[in-house]
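Just below is one structure, and these are the notes that go with it.
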Amino acid sequence: MASSPMLIGLTTFLLLTASALFGQTESKVAPGPKPAPLNLTGILEKGGQYGTFLRLLRETQVGEQIESQLNNSFNGLTIFAPTDNAFSNLKAGTLNSLTTQEQVSLVLYHVLPRYYSPTTFETTSNPVNTQASGRSGVYTVNITSTSNQVNVSTGVNQTPINNNLYLEFPLAVYSVDKVLLPAELFGAKPPASSPSPAATPVKPKKSAPAADGPSASADTAPSAASRKGRSAERVLLLGIGLACVGSLL
């Protein structure tokens, strides 16, 4: 017995409907493309004027640390990137005078441990922590906003925050025209205490000879007066002897 056209049409409709439903289900389950990891080096290289900062990020290995944090951070990061001119305006030998650890601290001083948009800067409370730290604790900066201009101050120098190089959570990168100098490394050093004067040795006083006792020299050598008296006595005796001899004659 041949199948009726109605039955064939119903079967075809059901197959097409089932295929469409399964196709929609598969499209919903299929994973989307993963976002590319953030590349700070690429952002700075694209800016074209951050060669010295890139070199310091590489030599201190802070760059690797930052990129690792960016891809595993809930708070994000904010970076102040000094231009090459900013480093050129430093006093000659400034970077070379720093130890390796101090260079690491200098680079980390340009990194804030959370994402700050321009509007966030306007309402933030000072002082603001950086990722640098030392014996005295975490290094901080002060951020002020006046007349649509945001400034960052270290206590040693101050610079406006210029155009942003990247501004999408979890990373904000701002260009600055000065290298931020932490007071802990570049602040005024306390004056060195002067050494105490050496104590002058006290010379022992010579003991005065006793007033009621003769000195050693007095016991061993007769005085001039006693010698003179004995001479006179001898002359007198000699004169008496001669007188006696004369009377006998």
Side-chain angles (χ1 to χ4, degrees), residues 40 44 47 49-66 69-70 73 75-165 171-195:
L40 175 61
L44 294 174
Q49 52 179 339
Y50 305 95
T52 304
F53 191 51
L54 278 167
R55 177 176 61 80
L56 287 173
L57 286 169
R58 181 177 62 255
E59 292 178 351
T60 60
Q61 299 182 346
V62 173
E64 296 178 10
Q65 175 185 333
I66 289 174
Q69 285 182 269
L70 284 174
S73 173
N75 296 321
L77 295 175
T78 298
I79 297 174
F80 298 121
T83 62
D84 290 334
N85 285 336
F87 282 100
S88 297
N89 290 331
L90 289 175
K91 184 179 179 181
T94 297
L95 293 180
N96 292 334
S97 67
L98 300 177
T99 66
T100 300
Q101 183 56 49
E102 288 173 340
Q103 289 187 7
V104 171
S105 297
L106 178 64
V107 176
L108 288 174
Y109 192 63
H110 292 75
V111 183
L112 307 184
R114 58 163 293 188
Y115 175 86
Y116 286 90
S117 67
T119 54
T120 308
F121 280 140
E122 295 176 3
T123 58
T124 190
S125 299
N126 289 313
V128 176
N129 288 340
T130 71
Q131 285 204 319
S133 61
R135 294 181 180 178
S136 59
V138 177
Y139 296 178
T140 61
V141 294
N142 287 330
I143 296 176
T144 57
S145 178
T146 56
S147 303
N148 298 323
Q149 177 65 63
V150 179
N151 298 311
V152 56
S153 172
T154 71
V156 176
N157 62 349
Q158 176 176 303
T159 184
I161 299 173
N162 296 327
N163 60 302
N164 58 284
L165 303 177
L171 176 63
V173 183
Y174 297 94
S175 178
V176 290
D177 291 333
K178 291 183 180 180
V179 179
L180 303 180
L181 304 178
E184 290 80 357
L185 298 180
F186 297 93
K189 300 293 189 296
S193 57
S194 56

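Atom set for the values below is all heavy atoms of this structure, side chains included, hydrogens, waters and symmetry mates excluded.
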Can you name the closest pair of heavy atoms from [X] and [Y] and give their distance?
X    : Y    : value
I143 : N126 : N-OD1, 2.7 Å
S105 : A132 : O-CB, 3.3 Å
L95  : Q103 : O-NE2, 3.1 Å
L181 : T154 : O-OG1, 2.8 Å
L57  : V107 : CD2-CG1, 3.6 Å
Y50  : A81  : CE2-O, 3.5 Å

Practice problem: Test R58 against E64 for side chain to side chain contact (heavy atoms under 4.5 Å, CB included), laying out the working first. | Solution: CA-CA 8 Å; R58 181 177 62 255; E64 296 178 10; over 6 Å; no
Determine yes or no for a side-chain-to-main-chain donor-acceptor pair under 3.5 angstrom, with [X] supplying the side chain and [Y] the backbone.
X    : Y    : answer
N163 : S175 : no
T52  : F87  : no
H110 : P82  : no
T130 : L112 : no
N142 : S153 : no
N129 : T140 : no
T124 : F121 : no
T94  : L90  : no
E102 : T99  : yes

Practice problem: To the nearest 0.5 angstrom, please state how far the CG atom of L77 sits from the CG atom of L40. | Solution: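 Going from the CG atom of L77 to the CG atom of L40 covers 9.0 Å.
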Practice problem: Please report the C-alpha distance between L180 and T159 in whole Å, then the side-chain angles of each, then the deciding distance to 0.1 Å, and finally whether the side chain to side chain contact (heavy atoms under 4.5 Å, CB included) criterion is met. | Solution: CA-CA 8 Å; L180 303 180; T159 184; 3.7 Å; yes
Quiz prompt | Pair F53 and F80, ring centroids less than 6.0 Å apart | solution =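 No: the rings miss the under 6.0 Å criterion.
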Practice problem: Please report the C-alpha distance between Y174 and L165 in whole Å, then the side-chain angles of each, then the deciding distance to 0.1 Å, and finally whether the side chain to side chain contact (heavy atoms under 4.5 Å, CB included) criterion is met. | Solution: CA-CA 6 Å; Y174 297 94; L165 303 177; over 6 Å; no
Practice problem: Starting from the C-alpha separation in whole Å, work towards a yes-or-no answer on side chain to side chain contact (heavy atoms under 4.5 Å, CB included) for K178 and Q158. | Solution: CA-CA 8 Å; K178 291 183 180 180; Q158 176 176 303; 5.8 Å; no
Quiz item: Just wondering, are more than 12 heavy atoms of other shown residues or ligands nearer than 6.0 Å to CG in N148?
Solution: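 Count not over threshold, so no.
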